[in-house]
Each structure stands twice: as structure tokens, then as C-alpha cells.
**Q** 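One structure, as C-alpha cells, below. Some questions next.
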Amino acid sequence: MDKRTILIAFLLLWCMSGYTTQVKKPLPSLIPYPQHVERGNGQFELSAQTRLVLEDQGLFWKEAAYLQSLLAPVLGQGLSSNSGVNSIVLVYSDQIEAEEAYQLDITSSQISLKARTPQGLFYGIQTLRQLLPYYMEEGEKIDYPIYLPVLSITDEPAFSWRGSMIDVSRHFFTLDYLKKHIDRLALYKMNKLHLHLTDDQGWRVEIKKYPELTSQGAWRTYNNQDSLCMELAKENPAFEIDPRHIIKKEGKELYGGYYTQDQLRDLVAYAASRHVEIIPEIDMPGHMLAAISAYPNLVDEKEIGWGKLFTIPLCPCKEEVYTFVEDVLSEIMEIFPSQYIHIGADEVEKDTWEKSENCRQLMERENIETVDKLQSYFVHRVQQFIESKGRKVIGWDEILDGGISSDVYVMYWRDWVSKVPSQAIENGNNVITSSSNPLYFNRPPDKNSLHTVYHFDVIYKGIPAGKETLMKGAQANMWSERIPTEQRADFLLFPRMTALAERLWTNKDLYDSYSDRLLDHCPRLDALGINYRLLDLTGFAAESVFAKETFFQVNNPHPEMSVYYTTDGTLPDRKSILLENPLKITQPVELKFALFRPNGIRGDVYTVNYRPARMAKGAKLDKKELNPGLRCGLYMDKVRSTKDIKSGALKEQIVPEIIVPEEFITSSFALKYKGYIKIPQTGIYTFYLTCDDGGVLYINNEITVDNDGFHSAIEKSGQAALSEGYHPFQLDFIEGGGGFTLKLQYSFNGSEPQDIPDSWFVHSSKL
Ligand code: ACM
């Protein structure tokens, strides 16, 4: 469809959507969704004749210029600032309380955007931007008016820390990419970019007093992670080492790079214009190998390299180490005006401190009993220095070891140490969450990731009541050991970042609407050139069956892209077979298939195995003994697998569908649902079981979906060949603590997954 056709279709849909009738108006596809939206009738016509008026006492001129920069290319000229009808008016309002809040009112003659702060106004502009057609992102001139729906939005974020961390040490990223990322964060109203600037594998920031940090520390010969990427690149070019970061020096090929201070100042200014605060991290005292290799006096006894788990850290017992740290941080604080300075403090191998004579003397002198407390001593000194410059300290959660002052911000990442948030909060610290599951976005996404990120609780259960405000928000971390390219980074960051953005800004459960809105956002992400992970193909099960024959088909959320498949075990490419119509399956086969973007980049590869199965006959039952619903038995065992549920239900209830009875909910429990499923039509049925923790579905006493074990909410699917009639049904479920999810859906003949009607579940009054 060309743009004009899209516009006409849009207008047609607009009319059909009830412009003149009582039909409910569709809600706009905004991410993150605003706190309050009211749709009215009519539309505002935006064109080159629209005016842009500032009623803000000079506060918003930068935001006005930014809005002009978005609109001018599309409208062919900047908007005039004379007042008049058909105008966009930027209004200062001290009635708007929250720092980042805004109010957007669109009538047929005016767009009024109100805020108290430039930041609030900027977020209103992002909302306006998302109401414009996606192709405005391409910046191409549009020769016809753009229509915006009449509406009223009041909006503000749920959390103040809405962040993204990028590790530029393990693999390096260009400034251009960081700017693009800042733009993308701004589009989704995220406000923090944390740069992990230094680590064992590379020092990436120019420090004038210590030139060898970059002349030596920014470059390396290929390491084992590079080799792994090179291996993975054989099947996926997104793992190829970016040639822009490879140099030749003295006959050797070196990988690396760094940012000069001027470049970083420019980046900081760019981010500030998008209301993104850049938080620099200099990770210390561990993760310092790049610096220590260049300046070996930073450790005791010249012990350089790896200890048992991590690299040998800075020695906290040598004064020259503090001189170095303060010199480096002084330059960092000159480059970065951020309120916060991140000092890492994670994964410190303290063995060398135990053995050091310097440390023994210092510990004796200062009355320090343990090496954990020695880390506290180090942190405390660095903290005093940073705070003396009017900044706040952030550290990874190990910073709590040995005790810390309540002024430090704690970044929680070790989700397996569940006591950390409450321990930090009880100590009075502010907490930012970057829980490794699900917020380590370097971990490869799958079809469950969006759901998991969207439903993640920013405020942990168990936080003392009244202390929730110490939980500032969250951020997604992208550690780059296996991310050598922007293409791979995009794939890992998007669309997950949109789910996190909505959790942090909106913080409501609008997942179904989010999923629909995300689909509408894909063309915008495409227009922005983001290599996001495509939405999942659905309608099939990894383990599939056929009786005599069946048809393989997929539901493709990206109709403009094609699916190609292979049957010989090789990875599909665009020379493989195009899946046009449902594919007839009469033989066991393994299908590998993927979507391909118009530029040829392959999406995730899916595998489906078909095995032959007998069409299971229905059970012979005495209908008089059948009653609606399933028996649901409660078992109190805290078990790691459904197989370990001990027999003998404590209680039983009849449930109309797969729901957990209120009275059965405790912190950990196990359930068994038993009865029959009444299949209305002979054929192959796919069942989708989403659970947190484990669940196993049995039909005709055979495992149909195995989603057992302790895990967060994930969906697994399986198939059964079922004749019309009643089939024994059993679903076992375990919940080990921390909140549960349990959902069972089915599809038939390639339909979208749907809920199983209650009328399909029966149980025998005998049993
Ligand atoms: C971390 O992942 N070491 C913070």
C-alpha cells in the first residue's frame, strides 16, 4: 500500500469507527499508554498552515524547536508562530503538579499541550508524535493533511527511574548508535541511559591524566567472547564483529575504541535535549583489569589477571589507588553533569585482599574485621568524594555487603538473592531494579519475553508498607559480551523496551491492548530502522501430530513479510520454500521456518516436528453421571516438579474452567484438575499452557504439554489428535512462591489461541 492508500484506508476506518454514530471510538495506539484518555468526536487537520504558538514565558523554546524539527520535514516547512485558528499551543501551567506530567487536548481547531516543566512538555510531544502517521518517522514530505483525533489526555509516569543500561566495554558501540538509542528511549518516555564505560575487556572513556587507560586499555586482541561471536556469525551475520571497531597495530588486529571527552559532552547535550540523563559507570574495585593492565600499581604485588571467578580488583589499601579513583572520577564528573555516578562494586574477588600485607595493616589500623567490611571502607571513601561534589552514588547490590550508608542508591540485579530489596529498603536506601530475570535484555528473547517484562513487579512483594516510594523504578541492562553489532543490539532491546516503558510509565495491566498497540507500532519501528525482534508466528506447536494428514499453517502478524521453510534440517533463507498456503503433512517431518524482513534479514527460526498419531477415540461414559466443570484438588506440597505432588488431596472443589479457587491460594501450593474434555469435532487440537511455576497437561493419560518445573510465566504448546467425544483430562500445577500464572488455551485448524469454553469440561459424579 502506498501512503495515499493508507491514508484513505485510515479515513475509511475512521468513519466506520463511529465518527457519526454511537460506536465506541478506537483508542489511539500509544505506548506507553497514558493514565487517562478521553476520545471525542472529530479531528484536527495538521498541515503546513498550522501554527505553533508558545505561551510559556520562554520555558519551552527548546521543546518547540524539537517539535518543529519533527514536523518541518513532513510538512515541508517550519510552522509559523503567529497565533490563529488551527494551531498547536504550548502552554505553561502551574496547575500540573508532577514534574514529568502533561495534558494534551486536541479539538478540531486547536492542539493544546500543557505542562509545568520542559520535561513534561517533551513527553506530551512524544504522545503527539505517536498520534501522527508512522511514516512521518521517515521525514519524507507529505502533501496532504494529517488528521489527529479529538481527545483529551492527562498523563504522568508511575516511576521516576525509567532506564536502559548499555555495556560499551565488552563490545563497543558508536556514538551515532547511542544517539539513535536515546531517540528511541525518548519516543517511549524513558529517561535514563546508564553507560557501563569500563570493565575488564575495555576502557572506553578518555581520561586526560591517565592516557594509557585508552591508548592501551581500549584495545584488545580477540577474546573468547569474540571467538564465540565469530562462530555464531556463521549462522547469523548479526554476530559478525563490527569492522568499524577493528584496527591494525604493529601487525596485530585489535578490537576496541573509546569516546573522547568532547564526544561524550556532545552526547550528554544530545541526551539532555531528549530529557535523558546519562549516568556514567566506572566499575570498581572489581572489573578493573583494563585499567590495572595499564597501571599495575593499582594492585598489590603486581597480581594482575583472573582470580577464581572474577579479575583481581583494585587494592583498597594503597593511597595511590584513591588518588587514581578521585582523579578519574573528577574528570568523569566534569564530562557528565548527572545527579548520579555509578561505581559498580559488583562481583569483587576479595581473596587477594585477604593475603595482602598492606590490607592486613590497614584493617588493623582501622579496626576492619572482614574483607567485606574492607569493601565498605573503599566504597565509603569513594562515596564521600563523590558526595563532596554534590552527586549521589549508585552501586550494584553487592555494595550492601559489609554495610553502606543510606544515601547510596542500590541497583538490584541478583534476583536469586531475594532479600536484597527489603534489606536495602530497611537500611533506608533508594532501590532501582534491574533484576536479571527479566531485565537483562542481553538474554535472548522468546515468545514469552514481552509478557514477562510487561508483568514484572517493580515494587517487590515483601517491601515494608509505606516504604514503596524508595523503589524508584527499573532499567533494562544490556551486557554486550555476545553483542558485537547494532543489529543484534536492536533485536535484543526491541520490542522488549516498549513493554518495560509501559510498565514503568503506565504501570497498569493493559497487556491485551498493549499487544494490539504494539502491532500498530511495528511500522513505526520499521520506519525508524530498528531491527526489532519480529512478533511471534503463532498457530502451531513445536511438537505436532498428524493422523492421516494435517495441514501446517502459521499466523503471521507481519503480513507484509514472508515465511520461508526447509524440510531437510537446514536453516531457511530466502531461497528456501515460500510458505504460501497451508502445507499438507502426511509424513513425519521436521520443518524449520522463519519470517524475512523486506531487507532480507531473517527473524527467529522456529522448528516444528510432526509425528504420526492415532486419532484417539472418545471415552464411553454414562451421560447421567456427568456434571459440568472439573474437580480441582489442593495439595499443600512445596515441590519442584508436578511429578512430586503426593497423593491425597487436602480439599476439593468443582471449578467451571481452569481457574485457581480463591480459598486454595497460599504462598505455595499444588493443584490437580481432573475430569473430561468434550471435543466437539474430530481433528488435531493444539493446547497452549502458560504457567508460573510448572504445569503438565495430560489428555487421554498422555503428556500433551509439558511445562513443568520452577519458572516464570512461560507458554508451551503441544498437540493431540482427538475424535469427537469425551477424553480424560488432567492438568497438574505447582506454585512455589512469588505469585502464580495459570492459563490454558487451544486452537483448532490454525485458529488463534482461544479460551476453552466451560461447556467442554465435565466430570463424573462417580470417580
Ligand atoms: C552485574 O551483572 N555484574 C551487575
Side-chain angles (χ1 to χ4, degrees), residues 161 163-171 173 192-204 223-225 228 278-292 306-314 340-351 372 375-376 378-379 382-383 393-402 404 408-421 423-424 429-445 449 453 456 458 460 471-483 489 492-493 496-497 500 712:
W161 192 287
S164 162
M165 188 284 284
I166 295 198
D167 164 13
V168 293
S169 170
R170 275 53 174 269
H171 283 105
F173 292 89
K192 309 279 183 214
L193 173 61
H194 163 183
L195 288 181
H196 184 76
L197 287 165
T198 64
D199 213 305
D200 300 321
Q201 293 78 4
W203 184 282
R204 307 284 174 221
N223 64 18
N224 56 354
Q225 295 293 345
L228 182 70
I278 300 189
I279 291 99
E281 179 187 354
I282 305 296
D283 200 348
M284 63 182 85
H287 289 272
M288 266 280 171
L289 184 56
I292 291 168
W306 285 81
K308 284 193 205 115
L309 284 174
F310 310 113
T311 53
I312 308 294
L314 298 177
Y340 310 91
I341 303 294
H342 201 307
I343 60 164
D346 58 323
E347 299 180 323
V348 182
E349 176 105 12
K350 300 175 188 125
D351 285 14
D372 278 348
Q375 166 151 322
S376 295
F378 172 85
V379 165
V382 178
Q383 180 193 351
V393 169
I394 307 183
W396 299 111
D397 59 52
E398 294 98 319
I399 203 166
L400 287 161
D401 298 347
I404 49 162
V408 172
Y409 280 57
V410 174
M411 201 165 258
Y412 177 46
W413 71 280
R414 292 176 303 162
D415 44 25
W416 62 95
V417 192
S418 59
K419 65 174 195 271
V420 166
Q423 188 189 342
N429 300 95
N430 286 289
V431 176
I432 300 148
T433 299
S434 59
S435 174
S436 62
N437 178 19
L439 296 183
Y440 272 25
F441 281 11
N442 43 293
R443 297 189 178 170
S449 308
V453 172
F456 140 84
V458 183
Y460 283 81
M471 303 287 305
K472 293 296 163 201
Q475 68 178 35
N477 294 342
M478 191 188 82
W479 301 103
S480 61
E481 284 93 335
R482 297 184 190 181
I483 311 171
L492 295 166
L493 293 170
R496 270 189 284 194
M497 196 63 80
L500 180 62
S712 57

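The model shown is predicted, which means the values in this text are computed figures rather than measured ones. Start at 1 and go down the list; that is how both ligands and their atoms are numbered.
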**Q** Just distances here: any N/O of E347 and N/O of ligand 1 closer than 3.5 Å?
**A** yes
**Q** Under 4.0 Å from a heavy atom of Y440: which atoms of ligand 1 are those, numbered in the order shown and with their elements?
**A** 1 (C), 2 (O), 4 (C)
**Q** Just say parallel, tilted or perpendicular for the rings of W396 and H342, cut-offs at 30° and 60°.
**A** tilted
**Q** Could you go through the side chain to side chain donor-acceptor pair (under 3.5 Å) check for Q475 and W413 one step at a time?
**A** CA-CA 10 Å; Q475 68 178 35; W413 71 280; over 6 Å; no
**Q** Do K192's NZ or CZ and the ring of W161 fall within the cation-pi criteria of under 6.0 Å and 45°?
**A** yes
**Q** What about W479 and H287, are their ring centers closer than 6.0 Å?
**A** no
**Q** Atoms of ligand 1 less than 4.0 Å from D346 heavy atoms?
**A** 1 (C), 3 (N), 4 (C)
